[in-house]
There are 2 protein chains.
Amino acid sequence: MRALRDPIRLIPLLFLAAILIGTALLSLPIATAGEDAAPLLTALFTATSAVSVTGLIVTDTPTYWSPFGQVVILLLFQIGGFGIMTAATLFGLMAGRSFGLRQRIATQVERSRLETGDTASVLKLVLAITLVVEGLVALILTLQFAFSYGMPPGEALWHGVFHSVSAFNNAGFSSFSDSVMSYQSDPVILGPIMLSIILGALGFPVFQDFRARRMDWRRWSLHTKMTVTATLGLLVAGFAAMLAMEWDNPATLGPMSLGSKILNAAFHSVMPRTAGFNSLDVGSFEQETLMANYFLMFIGGGSAGTAGGIKVTTFAVLFAIVLSEILGRRDAGMFGRRFGHAVERQALAITALAGALVFGATTYIASITTLPLEEVLFECISAFATVGMSTGITADLPPSAQLVIIALMFIGRVGTITVATALALGRRERPYRFAEENPIVG
Amino acid sequence: MRALRDPIRLIPLLFLAAILIGTALLSLPIATAGEDAAPLLTALFTATSAVSVTGLIVTDTPTYWSPFGQVVILLLFQIGGFGIMTAATLFGLMAGRSFGLRQRIATQVERSRLETGDTASVLKLVLAITLVVEGLVALILTLQFAFSYGMPPGEALWHGVFHSVSAFNNAGFSSFSDSVMSYQSDPVILGPIMLSIILGALGFPVFQDFRARRMDWRRWSLHTKMTVTATLGLLVAGFAAMLAMEWDNPATLGPMSLGSKILNAAFHSVMPRTAGFNSLDVGSFEQETLMANYFLMFIGGGSAGTAGGIKVTTFAVLFAIVLSEILGRRDAGMFGRRFGHAVERQALAITALAGALVFGATTYIASITTLPLEEVLFECISAFATVGMSTGITADLPPSAQLVIIALMFIGRVGTITVATALALGRRERPYRFAEENPIVG
Ligand SMILES: [K+]
Ligand SMILES: [K+]
């Protein structure tokens with residue numbers, strides 16, 4: 001009952017409940033296409049991947065799962081995406097009384113003027129945006145599948161809706177066995193998916209700012225300015241890196257026309273933001289492309305949206321601190337504002353915990369398998385940042401490694417700090433402060 | 001002339017001068033054992049590796065270089081180690097007037113009560129410790145080489161002195177072709193080397209505290225407490241990891257007796273601290289052992305000593321911040337003291353710059369070679385943290401990759417912040433502060 005009064009404990013519990021219900025449904029014999037019911041680990045892995053909107057899979061979605069199973073997966077990632085969009089915001093509204101991190105989140109939410117929306121208005125706005133974006137994208141995809149590829153209407157609608165919901169929620173699940181690789185030269189398929197992913201990954205606070213202040217840059221909150229700028233910067237950087245690093249790769253961009261090269265480099269600059277579809281074979285990426293993807297996936301997308309990773313604002317705060325340190329300035333900040341001490345420490349803690357988690361998981365999986373380190377690291381970052389891209393090793397991982405991936409997806413979605421704080425809750429703030437003393441660092 | 005008034009610019013320039021003089025000396029025909037003089041890149045690489053006390057090599061030290069060349073290398077790493085011990089401290093004493101980072105360093109040095117020593121006393125103490133430790137270790141090694149291994153007295157003395165100086169300065173150069181692998185079962189050789197490395201890696205401020213306050217823990221500065229505790233913690237963790245991960249490896253600990261297993265695991269728990277000798281074949285390490293070494297090497301040793309890496313105090317500050325964030329506490333700190341905002345930001349900036357540097361270098365070298373990513377990453381961390389261990393790829397790297405390694409060794413030794421600040425110097429602090437506003441992070 002304590003959890004119910006304590007919103008920071010409530011979020012992990014709600015996600016856990018959704019995962020357990022999903023696991024139960026996917027364990028039913030009716031959920032699989034074949035005779036046998038799915039093994040428990042397969043059902044748990046798939047449910048976690050769906051609720052956490054990651055998209056890593058241990059079985060081929062369209063052939064292993066029955067229509068019922070696929071609808072369950074669709075509902076799970078819709079619920080997961082909607083849940084994260086609203087939970088982070090509502091949580092901020094509810095947590096106004098408490099200390100420490102909770103207080104800070106509340107303060108930030110307040111500063112971003114989210115207090116103007118109450119619970120009902122938050123839910124209404126999230127629902128409206130979700131329905132409009134998913135509806136429009138589903139319509140375009142369905143028409144294209146039906147008219148350009150000659151699919152029967154029902155089939156076209158199913159694939160259109162599945163990919164549209166999967167895209168806006170950054171889920172990365174596909175109802176095709178080869179993700180969207182068969183459509184790698186079709187901008188009418190890839191374009192709407194990309195746009196929908198970017199919108200979903202901006203996060204709810206940005207939408208609310210858009211609604212309240214329209215497109216007037218000067219009136220936007222610092223959070224919106226930073227999210228939009230960092231997102232654009234990372235998209236451009238990712239696009240340039242993909243184009244330069246894969247240009248000659250005979251297994252990816254190499255044999256393509258210039259137009260297709262640009263389309264697919266653009267598509268794969270959006271994927272680490274953290275959608276997880278693929279129009280290229282990720283397993284054939286060059287080593288340096290994997291490195292660039294480590295970086296982009298780890299950062300992820302916007303806060304309180306469907307994206308994962310440490311979030312673009314977290315990265316931007318760290319970047320500003322490093323810059324101010326190099327320039328010898330007293331304050332770190334952006335766009336004519338300085339950051340508070342609390343948000344700086346929070347950004348550091350989030351990044352350090354994320355790094356430690358990925359490092360630990362990679363070391364463990366490397367020690368129990370003989371898989372190449374770069375593929376294990378890719379898999380762990382993809383799981384933690386709820387990206388869902390894979391070099392193809394997911395299904396080959398031993399059970400204990402799959403359990404580690406499940407834990408990464410869950411913690412990555414719920415938030416390292418949320419999980420850690422929930423575990424540590426109940427400690428009291430000291431009633432006094434220690435004297436300041438500083439070590440020499442560096 | 002501006003550099004002379006500006007100590008933060010002076011340090012990189014002095015190191016650069018030492019490297020250039022070393023390169024010139026090693027380019028002389030007399031420096032090589034063979035007929036031809038060393039190519040410029042080989043001389044530059046070796047001089048940088050020696051002055052930065054790294055120990056990465058592109059040629060076999062005892063067979064490629066003449067006795068003259070080997071004495072030059074010995075002098076270069078002695079000068080490099082002595083230089084870092086004194087420079088960081090003197091620099092702190094000189095920089096009392098300036099702004100930003102420089103002010104902070106000065107403040108920290110003051111808080112650590114280093115102001116009690118003037119320039120002459122700093123030099124005298126460093127010299128005394130160096131002579132005593134190097135002399136004692138050289139004596140033990142020489143006697144052991146002469147009496148247990150039947151070396152002629154001159155040869156025993158040469159190898160004893162070379163390894164003793166190399167150990168205390170954390171240089172990692174060896175006058176044997178296989179480092180100390182031939183002595184992997186001899187605690188009389190490995191033991192003194194280990195102790196000397198640990199002492200050198202503690203850093204000068206710790207020595208000064210030891211002298212001023214003897215072994216009275218309660219009177220030690222926070223810096224000394226943190227350095228000693230973190231060093232011990234990392235040694236124990238490294239020892240446990242080496243023992244567990246390499247226990248069964250037929251190419252390393254596998255075939256050894258229990259005593260030798262323990263001795264070599266202990267030796268290799270000290271090496272990432274950042275000495276760089278090896279009693280085991282690093283190229284045969286398991287993947288998970290490489291991962292553990294990434295972590296330990298990146299952290300490195302104590303500040304203002306002969307060790308590299310981001311330093312144990314930097315790591316400890318980050319660790320304390322994460323912990324306080326999880327517990328929802330207002331202040332981060334250790335041992336009944338809280339850290340100032342400035343040192344927290346400095347620790348973050350040092351770590352982020354180090355990470356970015358290693359990441360960028362690894363991506364570049366991975367893109368121009370077909371070497372396994374885990375070996376490239378190992379090489380880059382080893383260079384940046386001036387460790388000097390290698391999986392054996394150094395000599396096979398193309399020239400541009402060797403230049404990148406040279407840059408990593410230089411920046412790693414002089415300090416990321418020092419280099420970045422030196423480049424950015426001349427900017428002015430704003431005369432006003434912006435209003436505070438915070439984004440939502442995580
Ligand atoms: K995803
Ligand atoms: K070294």
Side-chain angles (χ1 to χ4, degrees), chain A residues 99-101 108 111-112 205 222-223 226 287-288 291 303-304 310-311 313-314 317-318 321-322 325-331 333 336-341 343-350 352-353 362-363 366-367 373-374 415 417 420-421 424 427 429 433-442, chain B residues 99-101 108 111-112 205 222-223 226 287-288 291 303-304 310-311 313-314 317-318 321-322 325-331 333 336-341 343-350 352-353 362-363 366-367 373-374 415 417 420-421 424 427 429 433-442:
Chain A
F99 277 107
L101 172 81
Q108 289 157 38
R111 290 243 166 77
S112 311
L222 179 64
H223 177 77
M226 285 175 65
Q287 277 191 345
E288 59 270 27
M291 295 283 295
S303 299
I310 60 167
K311 307 298 179 319
T313 41
T314 309
V317 167
L318 296 184
I321 293 172
V322 172
E325 204 61 25
I326 290 174
L327 300 177
R329 290 201 172 135
R330 184 173 37 189
D331 298 323
R337 291 284 185 279
R338 69 182 156 90
F339 305 138
H341 186 183
V343 83
E344 293 183 3
R345 290 211 336 203
Q346 204 183 337
L348 188 161
I350 288 163
L353 278 175
T362 304
T363 305
S367 76
L373 193 58
E374 62 262 35
I417 292 278
T421 309
R427 314 236 185 170
E429 180 70 73
R433 300 182 78 183
F434 288 121
E436 181 176 329
E437 181 175 346
N438 295 301
I440 304 169
V441 297
Chain B
F99 278 105
L101 173 82
Q108 289 157 39
R111 290 242 166 79
S112 309
L222 179 63
H223 176 78
M226 285 174 66
Q287 278 191 344
E288 60 270 27
M291 295 282 295
S303 299
I310 61 169
K311 306 301 177 322
T313 42
T314 309
V317 167
L318 297 183
I321 293 173
V322 172
E325 204 61 25
I326 291 174
L327 299 178
R329 290 201 173 136
R330 186 171 40 190
D331 298 321
R337 291 287 184 276
R338 69 180 157 89
F339 304 138
H341 186 185
V343 81
E344 293 183 4
R345 290 209 340 203
Q346 204 183 337
L348 189 161
I350 288 164
L353 278 174
T362 304
T363 305
S367 76
L373 192 59
E374 62 261 37
I417 293 277
T421 309
R427 315 232 184 172
E429 180 71 75
R433 300 181 78 182
F434 288 122
E436 181 176 330
E437 182 175 345
N438 296 300
I440 304 169
V441 297

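Remember, it's a predicted structure, so these values are computed and weren't measured experimentally. Here is the naming used below: chain letters follow the sequence lines, and residue numbers restart at 1 for every chain.
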Undergrad: Under a 4.5 Å heavy-atom cutoff, which of B:Glu374, B:His341, B:Gln287 has the most pairs with chain A?
TA: B:His341
Undergrad: What pair of heavy atoms forms the shortest contact from A:Glu344 to B:Arg345, and how long is it?
TA: OE1-CD, 2.9 Å
Undergrad: Do the side chains of A:Leu373 and B:Leu373 get nearer than 4.5 Å, heavy atoms only?
TA: no
Undergrad: At a heavy-atom distance under 4.5 Å, which candidate from B:Leu318, B:Val317, B:Leu348, B:Ile321 has the highest pair count against chain A?
TA: B:Leu348
Undergrad: Is there side-chain contact between B:Glu325 and A:Ile350, with at least one heavy-atom pair below 4.5 Å?
TA: no
Undergrad: Using a 4.5 angstrom heavy-atom cutoff, name the option from A:Ala347, A:Gly336, A:Ala366 with the most pairs to chain B.
TA: A:Gly336
Undergrad: Give me the atom names and distance for the closest heavy-atom approach of A:Ala352 to B:Val322.
TA: CB-CG2, 3.6 Å
